[in-house]
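Excluded from the calculations below are hydrogen atoms, water molecules and symmetry mates; all remaining heavy atoms, backbone and side chain alike, are included.
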Amino acid sequence: MADIKELERIASQVRRDIIRQVYLCQSGHPGGSLGNADLLTALYFEVMENDPSFNMEGKGEDIFLLSNGHISPVFYSVLAHRGYFPVKEL
């Protein structure tokens with residue numbers, strides 16, 4: 001379990017990642033992603049049972065489905081910081 005300061009640090013980095021992603025691709029809506037940084041950070045680092053090694057069976061893991069494509073930058077950043085893929089790929 002992460003402490004609150006660590007969660008705040010991760011969420012802050014996620015916000016920086018969101019701005020960089022939107023700026024570098026010159027497209028996107030950063031507001032929704034920025035507004036969900038704390039929520040997704042808390043879910044992936046504190047609340048949900050999830051394994052970055054990504055087992056297709058997913059037994060014993062929680063599943064998060066994102067149906068709002070406009071906030072994909074926050075989802076990508078949180079997944080990268082959780083270890084699903086390298087942060088440099090953002």
Side-chain angles (χ1 to χ4, degrees):
M1 292 182 120
D3 67 10
I4 191 70
K5 291 294 182 192
E6 180 64 7
L7 292 172
E8 289 172 347
R9 185 195 66 75
I10 295 166
S12 181
Q13 184 57 55
V14 165
R15 286 186 184 91
R16 285 190 287 276
D17 294 342
I18 291 164
I19 297 300
R20 287 185 190 112
Q21 289 175 73
V22 172
Y23 174 77
L24 289 172
C25 72
Q26 294 294 297
S27 179
H29 306 277
S33 288
L34 292 169
N36 282 285
D38 291 324
L39 174 67
L40 263 67
T41 298
L43 282 175
Y44 271 88
F45 285 86
E46 192 66 24
V47 177
M48 291 176 43
E49 294 292 332
N50 63 92
D51 181 3
S53 66
F54 193 65
N55 177 343
M56 286 301 288
E57 290 182 23
K59 289 184 180 179
E61 294 185 45
D62 293 324
I63 297 171
F64 177 80
L65 301 174
L66 178 68
S67 63
N68 180 352
H70 284 104
I71 65 167
S72 59
V74 69
F75 193 43
Y76 297 151
S77 179
V78 169
L79 290 178
H81 287 281
R82 186 66 179 95
Y84 282 83
F85 60 90
V87 173
K88 68 180 184 175
E89 289 187 22
L90 289 174

*Asks:* If you measure from CD1 on I19 to CG on L24, what distance do you get to the nearest 0.5 Å?
*Replies:* 11.0 Å

*Asks:* Just jot down the side-chain contact (heavy atoms from CB on, under 4.5 Å) partners of L39, sequence neighbours excluded, or say none.
*Replies:* N36, L43

*Asks:* Residues in side-chain contact (heavy atoms from CB on, under 4.5 Å) with R9, at least two apart?
*Replies:* E6

*Asks:* Determine which pairs satisfy side chain to side chain donor-acceptor pair (under 3.5 Å) with at least one residue from residues 71-82, sequence neighbours left out, and list them in order.
*Replies:* D17-S77, D17-H81, N50-R82

*Asks:* Can you tell me how far the CD1 atom of I10 sits from the OH atom of Y44, to the nearest 0.5 Å?
*Replies:* 14.0 Å

*Asks:* Mind checking whether V14 and Y23 sit in one hydrophobic cluster, side chains of I, L, V, M, F, W, Y counted as touching below 4.5 Å?
*Replies:* no

*Asks:* Just so I know, are the side chains of V78 and Y84 near enough to count as touching, which here means a heavy-atom distance under 4.5 Å?
*Replies:* no

*Asks:* For E89, does the CD atom sit with more than 12 other heavy atoms under 6.0 Å from it, leaving out its own atoms?
*Replies:* yes

*Asks:* In chain order, what residues pass the salt bridge (charged side-chain N to carboxylate O under 4.0 Å, His left out) check against R15, with sequence neighbours excluded?
*Replies:* D38

*Asks:* The criterion is salt bridge (charged side-chain N to carboxylate O under 4.0 Å, His left out); which residues satisfy it with E61, sequence neighbours excluded?
*Replies:* none

*Asks:* Taking transitive links into account, so neighbours of neighbours count too, which hydrophobic residues share a cluster with I63 at under 4.5 Å side-chain distance?
*Replies:* L65

*Asks:* Got a second to check how far H29's NE2 is from I18's CD1, nearest 0.5 Å?
*Replies:* 14.0 Å

*Asks:* Side chain to side chain contact (heavy atoms under 4.5 Å, CB included), that's the test. Do F64 and L66 meet it? Break it down for me.
*Replies:* CA-CA 6 Å; F64 177 80; L66 178 68; 3.9 Å; yes

*Asks:* Side-chain contact, heavy-atom cut-off 4.5 Å: V74 with T41?
*Replies:* no

